[in-house]
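Every chain is numbered from 1 and lettered A, B, ... according to where its sequence line falls, protein lines coming before strand lines. From a predicted model like this one, the values you see are computed outputs, not experimental measurements.
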Number of protein chains: 2
Amino acid sequence: MKRITIKDIAKMLNISASTVSRALGDHPDVSAHTKKRVKEIAQKFKYKPNLQARYFRNKHSGLIAIILPQINKFFSADFLEGVNAELFGSSYSSILFQSGNQLNQEKQLIDYCQSWAIEGLLLSVSGQTAQLDHLNTLYDFDIPVVLVDRVIDDKRFSTVRIDDKKTSMIATEHLIKKGHQKIVGFFGNPSLQMTKQRHEGFIAALDKYNIKHNEENCLFFTETKQLEIIAKVKELENYSAIFCMSDELLVDVHYAIQSLSWSIPTDKALVSISDGNPPNYLYPRISHIKHSGFDVGKTATHLLLSKIRSQNLKVEHVKVQVDMIDGAST
Amino acid sequence: MKRITIKDIAKMLNISASTVSRALGDHPDVSAHTKKRVKEIAQKFKYKPNLQARYFRNKHSGLIAIILPQINKFFSADFLEGVNAELFGSSYSSILFQSGNQLNQEKQLIDYCQSWAIEGLLLSVSGQTAQLDHLNTLYDFDIPVVLVDRVIDDKRFSTVRIDDKKTSMIATEHLIKKGHQKIVGFFGNPSLQMTKQRHEGFIAALDKYNIKHNEENCLFFTETKQLEIIAKVKELENYSAIFCMSDELLVDVHYAIQSLSWSIPTDKALVSISDGNPPNYLYPRISHIKHSGFDVGKTATHLLLSKIRSQNLKVEHVKVQVDMIDGAST
DNA sequence: CTGTTAGCGCATTCAT
DNA sequence: ATGAATGCGCTAACAG
């Protein structure tokens with residue numbers, strides 16, 4: 001069966017295509033009678049407007065693109081839910097891509113997106129991305145970009161994320177206030193700005209309480225390899241508490257602790273920055289700062305849509321609210 | 001700055017738009033000289049083809065839609081990775097929607113997708129979906145649909161999933177072979193066909209070994225509420241082993257067991273059908289049947305693309321390979 | 001209230 | 001080897 005178009009309806013009723021278009025759009029100029037006839041036919045033959053054609057005609061694509069390094073289990077799922085929640089009913093749809101955490105793929109995808117005539121982009125940069133020259137064209141063509149979560153400083157683009165430094169500072173202070181002095185921090189890819197800032201916050205908290213530290217207090221993992229992490233955890237007998245900057249690290253550290261038959265929080269206290277999922281099914285519940293992917297997604301999308309709609313070109317840096325959630329791990 | 005079109009390039013070079021179009025497409029008829037000039041200008045002014053226009057002209061949208069009940073942490077992320085992996089370089093892009101596990105939203109989205117002139121659909125149905133009348137139009141218009149994971153029997157549509165019954169049978173047998181006779185099964189929404197089949201497999205395994213059972217052996221949870229699950233687990237002193245049909249259930253059951261200070265596998269053995277993630281960071285490692293979302297996504301997308309490209313209208317029911325992975329929980 | 005015309009960007013005839 | 005003309009489906013300006 002063939003898809004029916006406005007023209008087809010027009011022919012059937014011996015009226016013009018524009019009248020059909022207007023009738024379907026409930027334009028006030030069209031008589032109730034005509035509207036009724038048009039809508040009946042439309043219904044009967046399952047007419048669906050062709051959005052590609054409509055948007056094309058109106059010179060806007062109705063598409064925004066999302067580029068993530070990867071669709072990982074923890075943050076991304078919530079993030080996408082947030083984006084979708086905000087997009088629902090907005091007349092915009094999202095096309096989703098993953099850069100595989102590689103800069104050259106990220107570049108390719110950004111090019112590709114532009115061919116799709118996207119009207120906006122939500123970007124979480126790859127671990128290899130150090131600056132944003134590959135967004136020049138988007139900027140030149142006034143296509144709004146909102147950087148999320150993993151961001152890079154660039155005065156041209158708005159960002160939505162948590163206050164990484166403050167967040168990890170709070171988490172670390174939480175441990176200190178519980179009486180811990182020997183604290184070790186687990187961090188991800190050190191080339192990411194997010195990692196740098198979470199690291200800074202960790203150090204700042206230690207400094208604030210005059211707790212001595214050196215390089216050994218901070219462990220970095222470019223890729224989270226469970227075995228490597230377990231090996232490291234084994235060597236932490238002198239520490240009484242562990243800070244994890246992400247869920248990826250948390251789950252492996254937690255596993256390591258359990259496999260060593262250490263108990264939480266007696267032998268090792270544990271705190272994490274997390275999307276809030278693993279802390280609720282790891283035992284005991286993990287004290288964490290909730291970094292809600294949903295909120296980041298929703299907020300970023302809201303901002304992006306407002307930019308698209310109002311040509312709001314003011315650069316904003318939104319810090320999403322975080323909450324400290326007390327578990328039994330500290 | 002304004003985006004440049006073929007026409008603009010044509011004007012700049014005082015040649016016709018069709019020549020530019022051909023030059024950009026490396027059509028053999030165009031002289032090397034012209035090609036060079038055209039490409040230089042294109043590069044200089046950052047020309048990007050407008051895919052919407054191109055696809056529109058060629059009467060195909062280049063879009064496939066993905067509709068999931070929700071983008072949950074466990075299965076969906078891997079699934080989307082699989083889809084994207086297969087789509088990469090395919091000249092197709094995906095638009096992603098979530099039905100919120102509600103039939104009316106699912107219907108709305110399917111309508112909406114058709115307005116996008118999608119060329120194919122990957123659908124995992126909502127928990128409320130009992131039959132597939134709302135796919136009639138897609139079927140009538142020859143738009144291929146592949147049902148994934150959560151499927152519904154319908155002779156019109158291909159499916160990609162695991163062999164649910166066999167899978168849970170194997171998992172249950174695994175427990176039985178380890179000497180367990182008192183086994184309880186945790187199941188999700190009982191209205192889903194997936195749940196029914198996993199339940200059947202569970203029962204079949206018990207029957208095969210002449211293990212008596214009744215309704216109390218099988219617990220169903222329409223929504224996975226941790227508290228409810230913990231309460232149930234508490235009552236399982238007479239059982240020596242637990243089967244979980246999904247990761248969602250596994251993590252909560254595991255938490256419950258730990259909170260009761262029962263040890264795994266001594267007090268309770270534990271086996272699950274899983275995407276393979278939680279089993280690796282819960283302690284001890286959980287024996288599970290790996291239900292790879294990635295494989296399902298990749299396979300389903302591959303099938304969908306083949307249907308789109310070759311008008312392959314044969315209905316196929318693909319069962320994705322699963323592996324039993326021995327952990328320390330059994 | 002309705003019809004005619006035109007054009008969004010592109011690729012494909014059919015010319016030359 | 002290049003150009004002119006056409007139309008994909010839709011809507012908006014203009015005309016009546």
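The two residues B:Ser94 and B:Leu87 come nearest to each other via the heavy atoms CB-CD2, 3.6 Å. Looking at every heavy atom in both residues, B:Ser99 comes nearest to B:Ser126 through OG-CB, 4.0 Å. Scanning all heavy atoms of the two residues, the minimum distance from A:Phe141 to B:Lys2 falls at CE2-O, 3.7 Å.
Close to C:dG7, at under 4.0 Å from its OP1 or OP2, lies no side-chain N or O of B:Lys7.
Within the nucleic acid shown, A:Thr5 comes within 4.0 Å of sugar-phosphate atoms alone, with no base atom in reach, counting heavy atoms only.
For B:Gln102, the side-chain hydrogen bond (donor to acceptor under 3.5 Å, both in side chains) partners two or more places apart in sequence, or in a different chain, are B:Gln105. A:His317 is linked by a ring-ring contact (aromatic ring centres under 6.0 Å, His included) to nothing, counting only residues two or more places apart in sequence or in another chain.
One atom, CG of A:Asp29, and another, P of D:dA12, lie 12 Å apart when rounded to the nearest Å. The separation between B:Tyr55 atom OH and D:dG7 atom C1' is 20 Å, rounded to whole Å. When rounded to the nearest whole Å, the span between CG of A:Leu24 and P of C:dT2 equals 13 Å. The interatomic distance linking A:Leu13 (CG) with C:dT2 (C1') rounds to 13 Å, in whole Å. Note: NE2 (A:His60) to C1' (D:dC10) measures 12 Å, nearest angstrom. For B:Gln114 and D:dG9, the CD to C1' distance is 17 Å, given to the nearest whole Å. Between B:Phe56 atom CZ and C:dT12 atom P the separation is 15 Å, expressed in whole Å. The distance between atom NE2 of B:His27 and atom C1' of C:dT13, rounded to the nearest whole Å, is 11 Å.
Residue pairs that meet the salt bridge (Lys or Arg N to Asp or Glu O under 4.0 Å) test with at least one member in residues 113-134 of chain B, sequence neighbours left out, do not exist here.
Within the 4.5 Å cutoff, side-chain heavy atoms of A:Leu96 are placed close to those of A:Ile71.
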With a cut-off of 3.5 Å and sequence neighbours excluded, list every side-chain donor-acceptor pair involving residues 38-47 of chain B.
unit_1	atom_1	unit_2	atom_2	d
B:Lys39	NZ	B:Asp26	OD1	3.0
B:Lys39	NZ	B:Asp26	OD2	3.3
B:Lys46	NZ	A:Asp140	OD2	3.2

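Using cut-offs of 30° and 60° for the angle between ring planes, the A:Trp116 and A:Tyr112 rings count as perpendicular.
For the contact set between residues 30-54 of chain A and DNA chain C, defined by any heavy atom under 4.0 Å, the members are A:Val30, A:Ser31, A:Thr34.
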Output a table of nitrogen or oxygen pairs between the protein and nucleotides 3-6 of chain C separated by less than 3.5 Å.
unit_1	atom_1	unit_2	atom_2	d
C:dG3	OP2	A:Ser16	N	2.9
C:dG3	OP2	A:Ser16	OG	3.2
C:dG3	OP2	A:Thr19	OG1	2.7
C:dG3	N7	A:Arg22	NH2	2.7
C:dG3	O6	A:Arg22	NH1	2.9
C:dG3	O6	A:Arg22	NH2	3.1
C:dT4	O4	A:Ser18	OG	3.1

